[in-house]
Every structure is written in C-alpha cells, then in structure tokens.
Amino acid sequence: MSGRINARVRDAQARFAGERYVGSDQVFRISGRRVDAFSGVAADLYVLLAEGTVEECRRRAYERRNDWPEPDDVDDWGACTFRPDGTALAMRVVPERASPDGRSPG
C-alpha cells in the first residue's frame, strides 16, 4: 500500500486533535439515546499493520507514545481515551432527528 490507505477498505475514520484514526464504529442505544462508538488506531500505524510490518508499527507507536492527543484536546466527542500504543476509543451521543410518526430514528 506504500504509505496510503487502500481505497477499497471500508473502515471508519475519525480525527482527534488533528490526528487521523482508522478503525470501526458502532451506533447503539443507551437509555433510548443513540450513541456512536469509534475504536481505531492512528492512520500511519494502520498502514503499517495493513502491510504486515508489525514490528515497525510497534517501534513507531513507542516513539510516539507521548505525542497522542489528550482527551481534553477533543471537542466534538464525549468520552475519549488514547493509549500509548496509538489506539483510541471515543463515544458521543448522536444528535436526535425529527421523526414524523414519533418513533425513534434508526
């Protein structure tokens, strides 16, 4: 893949404090409210994993272990965690949409 993410990959992407992450997302309900959960890894590390260069991924994650965003740096998500290995988990409440028949959207 030579440094870029293959266009055929359908993984979710998110940006936290200017850092792009690639992974998966899920929308689910808590007490009737829709919640979006994203988990992923920094995009540059994702590329290395997709190419099978796991040791290089580990080395780069270790080099950058103090550079990942802090939860306070992320405004548009609720709860966020960033691990020293370059992974992230973030959740946010999905804004409600109007439903003409009063049912919950989705």
Side-chain angles (χ1 to χ4, degrees):
M1 286 200 306
S2 61
R4 66 177 201 273
I5 297 173
N6 189 324
R8 293 178 298 166
V9 173
R10 301 282 187 232
D11 293 332
Q13 297 187 32
R15 187 171 293 276
F16 304 112
E19 182 80 36
R20 192 164 56 98
Y21 286 77
V22 179
S24 62
D25 62 353
Q26 176 71 36
V27 175
F28 58 95
R29 295 179 193 279
I30 297 178
S31 298
R33 302 213 49 199
R34 294 177 64 178
V35 175
D36 181 13
F38 173 86
S39 65
V41 64
D44 62 320
L45 301 180
Y46 177 90
V47 170
L48 294 172
L49 289 172
E51 292 174 343
T53 55
V54 177
E55 289 305 316
E56 176 65 14
C57 178
R58 286 183 187 162
R59 185 185 66 74
R60 286 216 196 144
Y62 181 79
E63 288 174 353
R64 296 182 63 198
R65 68 190 178 280
N66 296 318
D67 298 334
W68 304 118
E70 294 290 329
D72 292 342
D73 296 336
V74 180
D75 294 331
D76 55 343
W77 286 79
C80 298
T81 60
F82 300 94
R83 307 271 308 178
D85 62 0
T87 58
L89 173 64
M91 296 193 316
R92 63 182 168 190
V93 174
V94 177
E96 294 184 30
R97 296 182 302 195
S99 178
D101 60 5
R103 288 184 295 165
S104 179

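Hydrophobic cluster membership for V27: V94 (Ile, Leu, Val, Met, Phe, Trp, Tyr linked by side-chain heavy atoms under 4.5 Å, directly or transitively). Alongside F28, the hydrophobic cluster contains I30, V35, M91 (criterion: ILVMFWY side chains under 4.5 Å).
Considering CD of E19 and CZ of R64, their distance stands at 4.5 Å, rounded to 0.5 Å. Here E55 contributes atom CD and L48 contributes atom CG; the two are 11.5 Å apart, rounded to the nearest 0.5 Å.
In this structure, the salt bridge (Lys or Arg N to Asp or Glu O under 4.0 Å) partners of R60, at least two apart in sequence or on a different chain, are E56. Evaluation of the side-chain contact (heavy atoms from CB on, under 4.5 Å) rule for R33 yields V93, E96 as partners, not counting sequence neighbours.
Ion pairing of R58 with E63 is absent here, as no side-chain N (NZ or NE/NH1/NH2) approaches a carboxylate O to less than 4.0 Å. Contact check on R20 versus D44 returns no salt bridge, with no Lys/Arg side-chain nitrogen under 4.0 Å from an Asp/Glu carboxylate oxygen.
Between F38 and Y21, the ring center distance fails the sub-6.0 Å criterion.
Both tests hold for R65 against Y62: distance to the six-membered ring centre under 6.0 Å, angle to the ring axis within 45°.
Annotation: side-chain hydrogen bond (donor to acceptor under 3.5 Å, both in side chains) contacts involving residues 68-85, sequence neighbours excluded, comprise D85-T87.
Across all non-hydrogen atoms, the minimal contact from P69 to F82 is O-CD1, 3.2 Å. The shortest non-hydrogen separation linking V74 to A17 is CG2-N, 4.4 Å.
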